[in-house]
Enquirer: 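I have a structure I would like to understand better, so I am pasting it below and will then ask my questions one at a time.
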Amino acid sequence: MKVGEIITMFKQFANESDTTFLTATDIGTYLSQGYREFRALVTDLAPETYQQSQTYTLSGTDRLDLATSTPALLNTSGSTLMTNLLHVVIVSDAAGNDELEYLDGGPHKGVAPFFGYSLEGTTLRFGGDRTGTVRIDYVPEHTVEFDSSAGVGYDANAIPDFLLAYHPLIALYGYRYYAIRDGGLPPELQLQYRDLENKLREYLASSRDRGGSTYVNYYHADLY
């Protein structure tokens, strides 16, 4: 679905003609949060869906502050904000093509595996000094503008992502926030979002290939 279509669907759910009570900015706020929840569900089941990567060069250090690094992935004034850390990988060069080692993570440096990593606040801490290139695979905050009054930042024809058949969930998730003001979520909408959410879970769990789980691939270590 396009952004404009998602907004139209939300308006039909809300059925509110008073634009002073439900403004375009209000709708944008609800749908933006709804899309965050949509992405969180997708990321939980198929984290590679929104994955982006960034490499950094290390020189004999046991930490990388993502609030002051370039780019800064954990600085709210930066251009890209990381919402989920997926992998920390030692790679051969800045291109990040040759993966040398996937590091194991821990909740803090004290229990992180030897030469693994932990994320403490905004600081990525390693189990020992590292020299070379590290690649961070992460999910960024979305940049879709759902406020139709936002001017140049708004594009009604923009498509949030390729999961088009499940985009009504964005409107349904957004409507739940509006329902707090409006007095509750109608049971019909509850049934609809639960049904569509279950279908999305099934779709992602099958790796988007419904026959995929019926096949077994031959594995031999010498081939990898």
Side-chain angles (χ1 to χ4, degrees), residues 3 29 31-146 153 158-164 166-167 169-170 173-174 197 200-201 203-205 207-208:
V3 167
T29 298
L31 289 179
S32 185
Q33 183 58 31
Y35 189 40
R36 288 188 186 97
E37 293 193 12
F38 181 87
R39 287 168 65 93
L41 172 61
V42 173
T43 297
D44 185 51
L45 295 170
E48 73 284 352
T49 303
Y50 301 114
Q51 177 178 310
Q52 294 186 12
S53 300
Q54 180 63 52
T55 58
Y56 297 90
T57 300
L58 306 176
S59 181
T61 182
D62 68 346
R63 68 193 64 195
L64 174 65
D65 189 349
L66 295 175
T68 59
S69 57
T70 304
L73 298 181
L74 288 177
N75 188 320
T76 54
S77 62
S79 58
T80 302
L81 183 63
M82 178 175 72
T83 60
N84 299 77
L85 175 61
L86 302 179
H87 314 113
V88 178
V89 191
I90 302 300
V91 293
S92 59
D93 52 41
N97 295 324
D98 295 329
E99 300 170 339
L100 304 180
E101 179 184 4
Y102 274 75
L103 302 185
D104 292 326
H108 57 81
K109 187 174 183 293
V111 297
F114 183 65
F115 284 114
Y117 75 91
S118 62
L119 181 61
E120 302 176 19
T122 64
T123 301
L124 193 65
R125 301 191 64 179
F126 304 100
D129 289 347
R130 284 282 184 177
T131 295
T133 305
V134 63
R135 189 188 77 207
I136 296 177
D137 299 332
Y138 68 98
V139 176
E141 164 71 335
H142 81 81
T143 58
V144 180
E145 180 59 77
F146 291 98
I159 298 175
D161 55 51
F162 61 83
L163 296 168
L164 282 73
Y166 306 96
H167 284 169
L169 272 174
I170 302 173
Y173 286 159
E197 188 178 86
L200 176 58
R201 289 179 184 275
Y203 175 67
L204 294 174
S207 299
R208 300 191 289 277

Enquirer: Rounded to the nearest 0.5 Å, what separates atom CD in Gln52 from atom OG1 in Thr80?
Expert: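 Separation between the atoms: 6.5 Å.
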
Enquirer: Taking the side chain as every heavy atom from C-beta outward, state whether Tyr117 and Val134 have any pair of such atoms under 4.5 Å apart.
Expert: no

Enquirer: Look up atom OH in Tyr56 and atom CG in Leu124, then write down how far apart they are to the nearest 0.5 Å.
Expert: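 Reported value, rounded in 0.5 Å steps: 9.5 Å.
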
Enquirer: Does the side chain of Ser53 come under 3.5 Å of the side chain of His87 through a donor N or O and an acceptor N or O?
Expert: no

Enquirer: Compare every heavy atom of Arg39 with every heavy atom of Pro140, then report the nearest pair and how far apart it is.
Expert: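 Result for this residue pair: O-NH2, 2.7 Å.
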
Enquirer: Provide the closest heavy-atom pair for Thr123 versus Arg63 in the form atom of the first, atom of the second, distance.
Expert: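 So the two residues come closest at CG2-CB, 3.8 Å.
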
Enquirer: Between Asp161 and Leu163, which heavy-atom pair has the shortest distance, and what is it?
Expert: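 Looking at all heavy atoms of both residues, the closest pair is OD1-N, 2.9 Å.
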
Enquirer: For the side chain to side chain contact (heavy atoms under 4.5 Å, CB included) test, which of Val144, Leu169, Val3 pairs with Tyr35?
Expert: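 Output: one option passes, namely Val144.
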
Enquirer: Pick out which of Leu41, Asp44, Val42 makes a side chain to side chain contact (heavy atoms under 4.5 Å, CB included) with Leu204.
Expert: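 Filter result, single survivor: Val42.
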
Enquirer: Would you compute the distance between atom CG of Leu200 and atom NE2 of His167 and round it to the nearest 0.5 angstrom?
Expert: 9.5 Å

Enquirer: Drop me the distance from Gln33's CD to Phe146's CZ, to the nearest 0.5 angstrom.
Expert: 11.5 Å

Enquirer: List the atom of Pro47, the atom of Val139, and the distance in Å for their closest heavy-atom pair.
Expert: O-CG2, 4.0 Å

Enquirer: Report yes if the side chains of Ile90 and Arg130 come closer than 4.5 Å at any heavy-atom pair, otherwise no.
Expert: yes

Enquirer: Between Arg135 and Glu99, is there a side-chain N and carboxylate O pair less than 4.0 Å apart?
Expert: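 Between Glu99 and Arg135 there is a salt bridge, with a charged N closer than 4.0 Å to a carboxylate O.
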
Enquirer: Considering only heavy atoms from C-beta outward, does the side chain of Asn84 approach that of Tyr50 to under 4.5 Å?
Expert: no

Enquirer: Mind listing the closest non-hydrogen atom pair of Glu145 and Gly153 along with its distance?
Expert: CB-O, 3.0 Å

Enquirer: Output yes when a side-chain donor or acceptor of Thr49 lies under 3.5 Å from a complementary backbone atom of Thr43, and no otherwise.
Expert: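 Not at all, since once roles are kept as given, no pair shorter than 3.5 Å links the two residues.
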
Enquirer: Just verifying a value: how many Å separate Thr57 OG1 and Asp93 CG, rounded to the nearest 0.5 Å?
Expert: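 Those atoms lie 9.5 Å apart.
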
Enquirer: Please name all residues satisfying side-chain contact (heavy atoms from CB on, under 4.5 Å) with Glu141, sequence neighbours left out, ordered by chain then number.
Expert: Arg36, Leu81, Thr83

Enquirer: Nearest 0.5 Å please: distance from the OG1 atom of Thr61 over to the CG atom of Asp129.
Expert: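 CG of Asp129 is found 6.5 Å from OG1 of Thr61.
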
Enquirer: Extract all donor-acceptor atom pairs below 3.5 Å that involve side chains of residues 66-73 and protein atoms in other chains or at least two apart in sequence.
Expert:
{"residue": "Ser69", "atom": "OG", "partner": "Asp65", "partner atom": "O", "Å": "3.4"}
{"residue": "Ser69", "atom": "OG", "partner": "Pro71", "partner atom": "O", "Å": "2.9"}

